[in-house]
Amino acid sequence: MNPQTQFLAACAYTTTTIRTITTTRTTAAAICNVLKSNRRPPAVFTSYPVSARRGVTGEKQTLTSGRRSFVSITTPYLLHSNYHHYHQQQQQQKRHQHNYPTRPPSPTNTHPPHHRPIMTTDLIESAKRAACQRAVAEHFDPSFRYIGIGSGSTVAYVVEAIAAQGPSVTSGMQFIPSGSGSAALVRGAGLSVLSIPELLALASGSPSSFPGVTNRQYIDVYFDGADEVDAQLAAIKGGGACLFQEKVVARLSKKFVCVADSRKRAPRLLASWPAVPVEVAPVAADLVRLALVDLGARNPVVRTKGPGAAPAGTDNGNWIIDAPFAPLLTAGEEGEAEKGKWTPESLAAAIKGILGVLEVGIFAGPTGPQAKALGPDAAGVRPVKAYFGNADGDVETLG
Ligand SMILES: O=C[C@H](O)[C@H](O)[C@H](O)COP(=O)(O)O
């Protein structure tokens, strides 16, 4: 298979972020067309000339899609995926002097556009690994017994960093995965898996195994990635169709530590990431779509996968609806009507109230420690801290 065919094959099955590839203009256009017809609508594929982008050369580079790596071919066009609305592609043509994609203007979007930094695939992976190594160094303790492991490509480097500490540290630990993919990841690293039901059974059968635990925060720390993180550490998750079990594991944890590359950092949610993922019962999907429109979503769609465009199923046998809203306020901006309508917390609550919704991919509200202080029934799912890896190897933190 040539690299383009390999890239397309990878796109057919992966549910996570597709990376970048350099190719010719004609091939980039052809690949874009195939991907647009195969992928869920918010995953829009655009191509840009490489020459104007700092740090991107026409040399060979490794393409990573999901967990597989391919070598891309050379030269002048960069194919970039997953972060941009379709309309941006048209606007992009007029904006080559800036050469950054921006959100299309709309009557409800009064926020300045957020520009994601551009990184090549190798730099993205190094950035993720650096963020995870620092997060593990600062939040993983050999005395821990229960560790939550989220989903996606970034958290793989958390597992790598923990496994590197060796069986003398990890053999007494149990790892609670947030889905089938992370369970396989944990097992593959030689670590011991404890499912959510097994954890809950252990906690109710043997409370003494969890001394001092309040708020049902049985898990010592939860590491997970995110699709976008705002200035107040509210996060969007679910780009890879995992969000419900992630929220359960976050809620059962003392703290959620977020790991990402710096493209995920944004001043507000939906500044760059196109839509809020919502997990729904298939039978009620159309009902949920109509209710999302009532809340202000523009053209919410059931996410599809593969050449037949069948709905992409979740680990729980449900579907995902991607609901594009105008950029959200940050916590504290409530009431500033000219800036927009929803905060992450208020939008999550409104969507959660729709009949047929299992869970919303917005992680906002109290953190684990804040929930503990609020009282026994309070749930905390917002990260306490986020680690963002940069292309230059630095790691920025928030929180
Ligand atoms: O559904 C997927 C999860 O929420 C992931 O944690 C999120 O999409 C980030 O994934 P990645 O680390 O691959 O960018």
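Ligands are counted one by one from 1 in listed order, and the atoms in each one are counted from 1 as well. Numbers for residues simply follow the sequence, beginning at 1.
Considering G152, S151, G361 only, the shortest heavy-atom separation from atom 6 (O) of ligand 1 involves S151. Remark: among candidates D227, I236, D224, T154, the nearest residue to atom 9 (C) of ligand 1 is D227, based on non-hydrogen atoms.
Counting atoms of ligand 1 from 1 in the listed order, those under 4.0 Å from a heavy atom of G240 are 1 (O), 2 (C), 8 (O). Close approach of ligand 1 to E246 is summarised as follows: ligand atoms under 4.0 Å from at least one heavy atom of the residue are 3 (C), 4 (O), 5 (C), 6 (O). Close approach of ligand 1 to A226 (heavy-atom distance below 4.0 Å) involves ligand atoms 9 (C).
The backbone of A241, and not its side chain, has at least one atom closer than 4.0 Å to an atom of ligand 1 (non-hydrogen atoms only; backbone = N, CA, C, O). Residue K128 does not touch ligand 1, judged by heavy-atom distances below 4.0 Å. Proximity of A260 to ligand 1, defined as any heavy-atom pair under 4.0 Å, is not found for any part of the residue.
Taking the six-membered ring for Trp and thresholds of 30 and 60 degrees, W342 and F325 have ring planes more than 60 degrees apart, a perpendicular arrangement.
For the pair K247 and F363, the distance from NZ or CZ to the six-membered ring centre is under 6.0 Å and the angle to the ring normal is within 45 degrees.
A ring-ring contact (aromatic ring centres under 6.0 Å, His included) check over residues 159-212, counting only residues at least two apart or in different chains, returns the pairs Y146-F210, F210-Y218. Applying the salt bridge (charged side-chain N to carboxylate O under 4.0 Å, His left out) test to pairs two or more places apart or on separate chains, none has a residue in residues 362-379.
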Open item on the list: Assess the residue pair R303 and D322 against the criterion (salt bridge (charged side-chain N to carboxylate O under 4.0 Å, His left out)); give the C-alpha distance rounded to whole Å, side-chain angles, the decisive distance to 0.1 Å, and a yes or no.
Closed with: CA-CA 6 Å; R303 190 182 298 177; D322 288 299; 2.8 Å; yes
Open item on the list: Under the criterion salt bridge (charged side-chain N to carboxylate O under 4.0 Å, His left out), I'd like the reasoning laid out for D220 against K254: C-alpha separation, chi angles, the key distance, then a yes or no.
Closed with: CA-CA 6 Å; D220 295 299; K254 293 181 175 62; 3.7 Å; yes
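Separation of the Y387 and H139 ring centroids falls under the 6.0 Å cut-off.
Between C242 and ligand 1, at least one pair of N/O atoms sits closer than 3.5 Å.
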